Undergrad: 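One structure coming up, written as structure tokens, with questions to follow.
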Number of protein chains: 2
Amino acid sequence: MELGRFITENGTSLSREPGQHVFRQGDQNASLYFVRTGLLKAYYLSADGKENIKSFILPGDHIGSLMANHAGKSCSFSLVCLKQCELVALPFRTLYQSVRTDPDISGAIVDLLLSFAMKKEVREYELLCLSAEDRYRRLIESTPEILKLVTQNEIARYLGVTPVGLSRIKKRVMA
Amino acid sequence: MELGRFITENGTSLSREPGQHVFRQGDQNASLYFVRTGLLKAYYLSADGKENIKSFILPGDHIGSLMANHAGKSCSFSLVCLKQCELVALPFRTLYQSVRTDPDISGAIVDLLLSFAMKKEVREYELLCLSAEDRYRRLIESTPEILKLVTQNEIARYLGVTPVGLSRIKKRVMA
DNA sequence: TCGTGGAATTAACCCAAGTCAAAACCCATG
DNA sequence: CATGGGTTTTGACTTGGGTTAATTCCACGA
């Protein structure tokens with residue numbers, strides 16, 4: 001069976017309003033979410049209340065807390081809707097079980113995990129090797145759409161600088 | 001079949017001296033490597049000659065360039081031995097094909113990818129949310145062994161600071 | 001025991017970004 | 001069209017870490 005169908009057949013749809021959370025840091029949550037429409041952000045909240053944005057999630061993307069799914073731990077980040085969202089939730093268990101029974105699904109899962117791992121690897125590279133300014137430059141090049149969708153405040157928290165910092169970077173870059 | 005056996009049966013052993021590369025940034029390389037013994041480092045080299053260390057690889061770990069394996073791109077980083085190493089190389093293709101034929105292997109691969117993805121997620125968190133000093137603290141807590149195995153220079157490049165920077169952090173931390 | 005070369009530390013100086021606080025801007029709404 | 005809330009920009013000041021270069025440490029071989 002092909003993955004798209006598997007998801008619709010085994011998952012449960014849900015919709016969320018802007019501002020609503022799908023799960024929060026510390027929750028137990030054992031599902032993978034597929035985004036049909038909308039926009040979400042995954043973020044960390046530090047002990048002193050600072051927000052750091054892990055990623056933005058767009059239609060066609062999927063997200064879930066690996067930690068919470070796999071190791072029986074709790075979610076290390078929160079997932080919140082920035083716009084009205086239509087999602088499909090799939091218990092991780094369901095997916096995991098069919099790895100051993102359905103070769104098509106297991107192929108699809110491997111691809112899913114591979115593309116996920118590659119994304120993380122790129123992000124790791126950017127955070128390790130590039131300056132905030134370079135990361136900003138790359139963002140404008142690779143996904144300019146995102147700039148329209150979220151506040152500059154959020155872009156900053158995604159790039160790993162403060163809003164004030166990003167404002168200064170912008171000025172520098174355009175000059 | 002169980003993964004360990006699968007690897008020994010389908011892979012080819014190789015050994016490398018300290019200083020020898022397994023592959024270099026820019027290479028085409030379509031294998032996954034399993035480390036039997038030794039120590040390696042995966043690193044990025046920037047245009048202006050600066051080194052940034054992606055990770056250290058210890059016995060029992062596995063590594064390969066996802067980019068080069070999957071998307072037909074070339075390796076985004078280099079892999080070099082820090083000590084004499086015994087490795088097993090497994091063509092990615094072999095692994096990928098048996099996902100569809102052998103449920104045990106495909107389960108093992110999914111686990112492999114999951115643990116890989118989780119590691120990357122932790123690293124992403126550290127680079128995004130923690131200061132260099134916090135990262136250093138965490139390193140001493142979580143894997144103090146590594147401090148004995150590599151130079152402080154390399155620890156610094158792994159943490160994302162210069163050797164000079166790390167020296168200052170150390171002084172601050174011990175006080 | 002004395003060099004010698006690589007690793008680590010220290011010092012002096014600089015710059016990017018953080019912090020805090022005060023404008024300025026930008027709308028939506030009444 | 002004025003008001004008020006949120007977002008962005010600016011300014012003044014501080015700080016962590018980069019850079020370069022000098023110095024100290026140490027292990028090791030002659």
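Lettering of chains follows the sequences in order, A, B, ..., and the numbering in each one begins at 1. These numbers come from a predicted model, not from an experiment.
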Undergrad: Do B/Gln28 and B/Lys73 meet the criterion of a side-chain donor-acceptor pair at a distance under 3.5 Å?
TA: no

Undergrad: Is a side-chain donor or acceptor of A/Asp102 paired with a backbone partner of A/Asp104 at a separation under 3.5 angstrom?
TA: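 Present.
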
Undergrad: Might you work through the salt bridge (Lys or Arg N to Asp or Glu O under 4.0 Å) test for A/Glu124 and B/Lys120, ending with a clear yes or no?
TA: CA-CA 7 Å; A/Glu124 174 191 78; B/Lys120 292 293 108 177; 2.8 Å; yes

Undergrad: Would B/Lys41 and B/Phe56 count as a cation-pi pair here, with the cationic atom under 6.0 angstrom from the ring centre and within 45° of the axis?
TA: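 Verdict for B/Phe56: no cation-pi partner in B/Lys41.
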
Undergrad: Please determine if B/Lys54 forms a cation-pi arrangement with B/Tyr43, meaning its NZ or CZ atom is less than 6.0 Å from the six-membered ring centre and no more than 45° off the ring axis.
TA: no

Undergrad: State plainly whether the residues B/Glu133 and B/Arg172 are in salt-bridge range, i.e. N to O under 4.0 Å.
TA: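 Yes, B/Glu133 and B/Arg172 are salt-bridged.
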
Undergrad: On DNA chain D, reading 5' to 3', which nucleotide is the first and which the last to sit with an atom under 4.0 Å from a heavy atom of chain A, could you check?
TA: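 Here the contact window of chain A covers D/dT8 to D/dA12.
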
Undergrad: Using a 4.0 Å heavy-atom cut-off to protein, can you give one letter per nucleotide of nucleotides 10-19 of chain C, 5' to 3': B if the base is in contact, S if only the sugar-phosphate is, - if neither?
TA: BBB----SBB

Undergrad: Would B/Arg123 pass as a cation-pi partner of B/Tyr158, given that its NZ or CZ must be under 6.0 Å from the six-membered ring centre and within 45 degrees of the axis?
TA: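 Yes, a cation-pi geometry.
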
